[in-house]
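What follows is one structure encoded as structure tokens, with my remarks underneath.
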Amino acid sequence: MSNIKNLLNKVKEKVSSSKSTQELDLVYSKFLGKNSYLNKLTKKIHLISIKNRSYVGKLINNIKRDITNIILTHRIHLEKEILDKSITNEKIDITLPGRTNKIGGLHPITSAIIDINYFFYKLNFINVSGLEIEDSYHNFDALNIPINHPSRNSQDTFWLDKKTLLRTQTSSIQIRHMKNNKPPIRIISFGKVYRKDYNITHTPMFHQMEGLVVDRNINLLHLKNIIYEFLNFFFNKRKTIRFRMSYFPFTEPSMEIDIMNNNNWLEVIGCGMVHPKILKNLNINTKIFSGFAFGLGIERLVMIRYNINDIRYFFKNNLRFLKQFK
Ligand code: DAH
């Protein structure tokens, strides 16, 4: 009897110090399992006199029931504790901002190039590319730029050696294309050009776009029309523009096109009728063919498009700047 009472106390002690259901399982097998004291006692019950046997039997059954109850109660308590813990740990805060996929956007220069290309593609222009490392023949000589012209100066041009340079203008593409193709010619070209300049309106590298048309009976009106239509398309509204007489060695006559922007005239495009000397040098018959050409700085156009006041923003990789154009 006293053994059994002691047993109950031991069980209570072990159970209450159990921290997990696995520990409880061990307590269970220790006190009720095959090798437990109670099980052995049960097996020896036939040794007890018949008079006392049912009393002792009941006693053993009762204590077994009590032990089972104690363990079970604690088990329920433990399971609830585990559940509560995991609920608080795994709580989802629905007020937190969601995780979204970050999708990049196009650089404003890239999307301008795509837009410009689309406009000229619809007019049957083909897009050709040239070389960023050019020779002085294609960049200067063949464009009728005199040998002592200041733009050839090493203060303006990145020379790689005496004859090789980083192209200063995409106009060199005109020469390369006319050398290998006969009129009718209708091309545009986009590319990086390099000049030794750095301030709020100039960077040592910027993007130019070049256009060239050579065909029968091409005249200044064709040029003016295409420029008008192009600028209306690009800015999506009618801008005030003016054609101003100018000079380029490779066109005659030459003009610059200015756009009215915030009450200032901004020069955006150089253009003109291709100089006959250039056509002749490339074996194009000037009695039959004439042409016009134009060149523009893409950064300059995009600055007007979005009211950007410093060209250097384009190349700083500042996300706060870039994200505005998504
Ligand atoms: N290449 C000139 C520049 O970089 C721009 C230009 C002017 C291009 C007149 C042309 C043109 O094709 O006809 O300033």
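Each ligand, and each atom within it, is numbered from 1 in the order the structure gives.
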Which one of Asp156, Asn139, Thr157 satisfies the side chain to side chain donor-acceptor pair (under 3.5 Å) criterion with Thr168? Asn139
Tell me the residues surrounding ligand 1, counting only those with a heavy atom closer than 4.0 angstrom, sorted by chain and number. Gln169, Ser171, Gln174, Arg195, Gln208, Glu210, Phe248, Phe250, Thr251, Gly270, Cys271, Gly272, Ala293, Phe294, Gly295
Using 0.5 Å steps for rounding, measure from the CZ atom of Arg320 to the OH atom of Tyr313. 9.0 Å
Could I get the full list of salt bridge (Lys or Arg N to Asp or Glu O under 4.0 Å) partners for Glu79, not counting sequence neighbours? Arg75
Using salt bridge (Lys or Arg N to Asp or Glu O under 4.0 Å) as the criterion, list what pairs up with Asp197, not counting sequence neighbours. none
Sorted by chain and number, sequence neighbours left out, side chain to side chain donor-acceptor pair (under 3.5 Å) with Asn264 holds for none
Would you call the rings of Tyr118 and Tyr121 parallel, tilted or perpendicular, taking 30° and 60° as the class edges? parallel
